[in-house]
Amino acid sequence: MKIILRNFKKDKASYITILLSLFIAFTAIFLIGGYVIHEYSVDAFHFNKNRIYRLQSDDPWSEGHIFDYITFSAPEYIKNNFPEVENYCQWNRNGYEKLEVNNNTFYKGLEIYQTQSSFFEMFSYPFKYGNAKQALNDKSSIVLSEETALKFFGNDNPIGQAIKVKFRNDEKTFTVSGVLQKPKNASHQSFDMLTSIDGKEMRGCKAYLMLKPNSNAQELENKLQQAKNEIPFFGIKDTTAKLYLQPLTEIHLTKEVKSKVVIFLIIAALILFVAFFNYINLFITQIQERSGELGIRRIIGGSFADINLKLVYEFSVLISIALLLSTAGLKLFLPIFNSFNESTLVMSDFIKWKAIASILLVSLAIGLISIPIVYSRIKKFLNRSMVRKPSYQIPFISTFQFAVSVSLIVCSLAIIKQIKYIHQKDIGLNRNIIEMRLPPIERNKSQLLLEKLRESPAIEQAALCSASPVREGAMVLYQYEKNGKKQEYSPLFFQGDESYIDILDIQLVEGRNFHEAESQNKNRCLINEAMVKFLELKDPVGSILPGSKNEVIGVVENFHWQGLEAQIPPAMIAYNNQGSNLLVKTNQQLNTQAIAYLQSSWNEIIQDYPLEYWTIGDLFNQKHKQHELLIKFISFFCVIAIFLTIIGGIARTALVVKNKTKEIGIRKVNGATISEVMIMLNSDFVKWTLIAIIIATPIAWYAMNKWLESFAYKTELSWWIFALAGLLALGIALLTVSFQSWKAATRNPVEALRYE
């Protein structure tokens with residue numbers, strides 16, 4: 001340890017650079033590793049996790065889609081008729097308008113779900129107060145999460161306390177029967193309160209089956225498929241839809257989550273590679289600077305094994321110090337990581353055996369890989385003359401590091417370009433339209449509020465609808481016969497009044513809009529161009545939609561309501577002037593006054609509920625939120641990779657300059673100018689950086705092309721993205737090496753040659 005401290009004092013800059021490089025890399029890798037472990041441990045705390053399956057089916061209204069909404073009576077039928085099933089429970093979100101607890105009113109931000117008492121027989125949620133067997137036996141019982149109990153009742157035991165809940169169509173008073181502790185791992189089931197399910201008027205909900213021990217899920221799935229016409233399935237007979245059993249441990253690990261994990265792991269591997277070789281090169285530079293000391297040790301009898309062991313011990317100490325520092329780095333960077341990724345990781349997520357084992361394995365791997373590399377380099381220069389220092393050339397590693405930086409810059413720029421495209425693309429709807437929703441209990445006041453809003457000069461137009469297209473839509477199933485064969489299709493179904501398409505700027509291609517007289521709009525609809533194409537309608541206006549009584553009175557241009565990942569499917573718009581959602585078009589120059597008027601009008605007419613509103617643009621952009629998070633994440637780690645590359649470049653430049661000190665001195669004595677010396681020192685770096693750009697370009701192009709394939713509507717990969725990334729990488733390389741090159745070029749040659 002004394003030798004390490006002595007060497008540290010002699011060359012603080014190099015040792016600090018080594019530690020900084022390892023610290024940043026370890027912190028980044030541990031953050032990513034903690035996230036990956038967290039994602040794969042969701043629902044891992046359930047004792048019966050390997051026996052629980054979510055019941056799924058093909059969407060009978062939309063071919064190629066799988067959904068979790070199962071007929072309410074289906075799980076009970078399956079349990080009673082298939083001996084492999086031990087238990088079942090159902091799960092349904094119950095929307096509410098407001099909660100009243102101890103004279104306090106709560107509106108939004110809490111999730112209430114309905115389930116059965118068997119829920120706690122299947123899932124292993126720990127109880128803080130109450131017990132699992134009796135928690136939901138009573139229809140008036142309610143179970144709270146620990147956070148919700150703290151919000152409502154503080155640190156007191158809330159068992160027996162009353163909570164009044166006003167739902168959309170009725171009002172109930174519940175008695176708290178249990179409080180759940182926060183489980184050790186996350187769960188795909190996110191809820192604040194649980195009540196007993198009431199399925200009398202329910203058509204369907206999500207359902208879970210728990211199989212008996214040693215039951216074969218695949219065999220049961222095959223049996224379900226064979227008996228699907230006997231299983232209550234939305235009243236549809238002879239359907240081609242299949243039933244599936246989705247393992248509990250795979251529910252959270254969707255295709256999107258797995259893709260994200262792969263991206264994170266690739267970035268972690270690249271950062272580790274860049275930092276590792278920085279560390280190796282910097283450490284070898286240190287050893288080379290001490291070649292005289294090591295040579296003397298060899299001359300006075302020190303064995304090569306002893307010298308190597310001391311050096312191995314030294315870089316092991318450096319790795320250990322960097323590991324300790326990275327634990328502090330975790331606490332420092334975790335809030336930033338969570339904000340970029342919208343994750344909820346806490347420090348306790350890293351104090352688990354999987355996380356600790358991963359950290360130790362990474363450290364051990366670095367150490368084991370380092371030993372043979374350092375060993376071979378030490379052996380080479382210790383066998384040479386102590387006077388003659390080994391030459392040093394810019395290696396392939398430097399090229400790879402710059403290639404990593406170029407690739408990440410290209411990916412960042414390409415994703416930014418696509419996000420900008422999403423925000424600016426004409427979606428066939430006015431992005432500035434404000435949408436506000438009335439509570440169902442206040443729905444009868446919608447016309448009154450509509451008329452009130454139309455009185456303000458700051459509001460240009462207002463309309464009633466069931467909901468805007470980007471917020472929600474229904475699907476309707478139509479069946480008909482064509483050429484003697486049964487046909488069915490399921491278009492999206494939107495509803496609004498006569499101002500609906502005007503206020504949203506949906507363009508009418510042919511035909512007419514709805515009439516102001518309500519009686520003229522019965523059994524009439526508008527359809528989009530995708531519907532015309534799908535049904536192959538030559539003269540759509542005036543025709544009757546197959547399988548329905550609806551007459552087509554107009555055709556509108558296609559408009560987006562899903563994300564840009566999917567093509568615009570067939571859709572229809574029906575008339576409805578009794579909706580509980582209002583669309584408001586404001587005068588953009590008077591937007592502030594319009595918002596203030598909205599608030600005052602709402603407070604005057606809807607007194608018991610707070611105003612909530614959104615814009616169409618915000619709702620649409622929200623559908624692409626995961627991509628915006630991805631660009632934040634990649635950009636964050638792109639900066640880290642570039643920083644590590646700069647550190648490596650500085651270290652390599654310093655070594656090259658030291659090895660060429662005498663050559664630079666001789667050249668200057670013979671008349672070389674500062675610029676000539678700098679060109680000589682920079683040329684190799686520029687050459688290898690250009691090679692890195694050439695290597696990175698096709699790799700980044702392929703990766704971004706694959707990513708853009710997930711969008712039906714996308715931007716193009718422009719040449720300037722690659723050119724800009726290359727220029728940035730070249731600029732980074734030149735800035736990295738030029739300062740040290742300039743210092744070497746302006747140095748007095750006498751200092752380099754005075755001992756010759």
Side-chain angles (χ1 to χ4, degrees), residues 92-100 105-112 114 164-173 195 198 200-203 433-456 459 461-476 492-504 514-525 561 572-586 594-595 597-616 618-619:
N92 185 63
R93 186 176 182 273
N94 202 355
Y96 71 95
E97 298 304 324
K98 66 178 180 180
L99 297 163
E100 293 180 6
T105 303
F106 301 86
Y107 292 96
K108 298 298 178 182
L110 296 169
E111 296 284 349
I112 300 179
Q114 299 171 294
K164 186 185 290 185
V165 184
K166 185 172 283 188
F167 295 105
R168 292 183 179 180
N169 300 314
D170 64 345
E171 183 176 294
K172 290 183 180 180
T173 298
T195 64
D198 184 3
K200 292 179 181 178
E201 298 179 357
M202 292 182 63
R203 191 179 179 202
I433 298 301
I434 292 172
E435 180 175 6
M436 47 201 290
R437 174 182 170 275
L438 277 74
I441 198 169
E442 303 282 1
R443 184 175 178 178
N444 60 332
K445 298 179 180 177
S446 59
Q447 285 288 348
L448 180 62
L449 182 59
L450 181 69
E451 295 303 322
K452 179 72 175 176
L453 295 180
R454 286 174 173 170
E455 294 175 4
S456 171
I459 294 175
Q461 197 175 6
L464 281 171
C465 64
S466 58
S468 69
V470 294
R471 189 163 184 267
E472 62 182 50
M475 295 185 76
V476 57
L492 263 292
F493 182 71
F494 305 109
Q495 299 179 78
D497 64 14
E498 66 277 2
S499 301
Y500 182 74
I501 67 169
D502 289 336
I503 197 170
L504 288 170
F514 295 113
H515 200 277
E516 289 185 9
E518 184 177 351
S519 59
Q520 298 296 315
N521 300 314
K522 187 177 180 181
N523 292 332
R524 290 178 171 85
C525 68
W561 61 87
M572 60 181 291
I573 302 171
Y575 181 79
N576 179 11
N577 66 350
Q578 300 297 319
S580 59
N581 282 38
L582 276 81
L583 301 177
V584 180
K585 185 177 184 180
T586 64
I595 298 298
Y597 187 78
L598 283 179
Q599 186 68 65
S600 63
S601 300
W602 180 277
N603 293 340
E604 180 183 333
I605 297 171
I606 315 293
Q607 298 174 356
D608 293 335
Y609 297 89
L611 170 65
E612 287 186 292
Y613 63 90
W614 315 265
T615 67
I616 299 297
D618 289 340
L619 289 170

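We're numbering straight along the sequence, starting at 1.
Distance check, rounded to the nearest 0.5 Å: NZ of K585 to OG of S499 gives 11.0 Å. Note: L583 CG to I503 CD1 = 5.5 Å, rounded to the nearest 0.5 Å.
No side-chain heavy atom of H515 sits less than 4.5 Å from a side-chain heavy atom of Y575. The side-chain heavy atoms of M436 and L582, taken from C-beta on, include a pair separated by under 4.5 Å. Between E100 and T173, every side-chain heavy-atom pair lies at or beyond the 4.5 Å cut-off. Contact of the L99 side chain with the I112 side chain is registered, since non-hydrogen atoms from C-beta on lie closer than 4.5 Å. Put simply, the side chain of S466 does not reach to within 4.5 Å of the side chain of Y500, judged on heavy atoms. You'll find the side chain of C465 stays beyond 4.5 Å of the side chain of L504, heavy atoms only. Here the side chains of K172 and T195 are not in contact, with every heavy-atom distance at 4.5 Å or above. Side chains of S468 and I433 form no contact here, defined as non-hydrogen atoms less than 4.5 Å apart.
Heavy-atom contacts from other residues, nucleotides or ligands closer than 6.0 Å to CD of E472 number more than 12. In Y613, the OH atom is not crowded: 12 or fewer heavy atoms of neighbouring residues, nucleotides or ligands sit closer than 6.0 Å.
Of the possible donor and acceptor atoms, none in the side chain of S456 sits under 3.5 Å from a partner among the backbone N and O of L453. Under a 3.5 Å cut-off, the side chain of Q447 and the backbone N or O of N444 do not form any donor-acceptor pair. Of the possible donor and acceptor atoms, none in the side chain of N521 sits under 3.5 Å from a partner among the backbone N and O of F514. Side chain of Q495 to main chain of N576: no donor-acceptor pair is present (N/O by atom type, distance under 3.5 Å, no hydrogens or angles). The backbone N or O of A467 lies less than 3.5 Å from no partner atom in the side chain of R437, so there is not a single donor-acceptor pair. Judged by distance alone, the side chain of W602 and the main-chain N or O of L449 form no donor-acceptor pair under 3.5 Å. Checking side-chain atoms of Y96 against main-chain N and O of E111 turns up no donor-acceptor pair under 3.5 Å.
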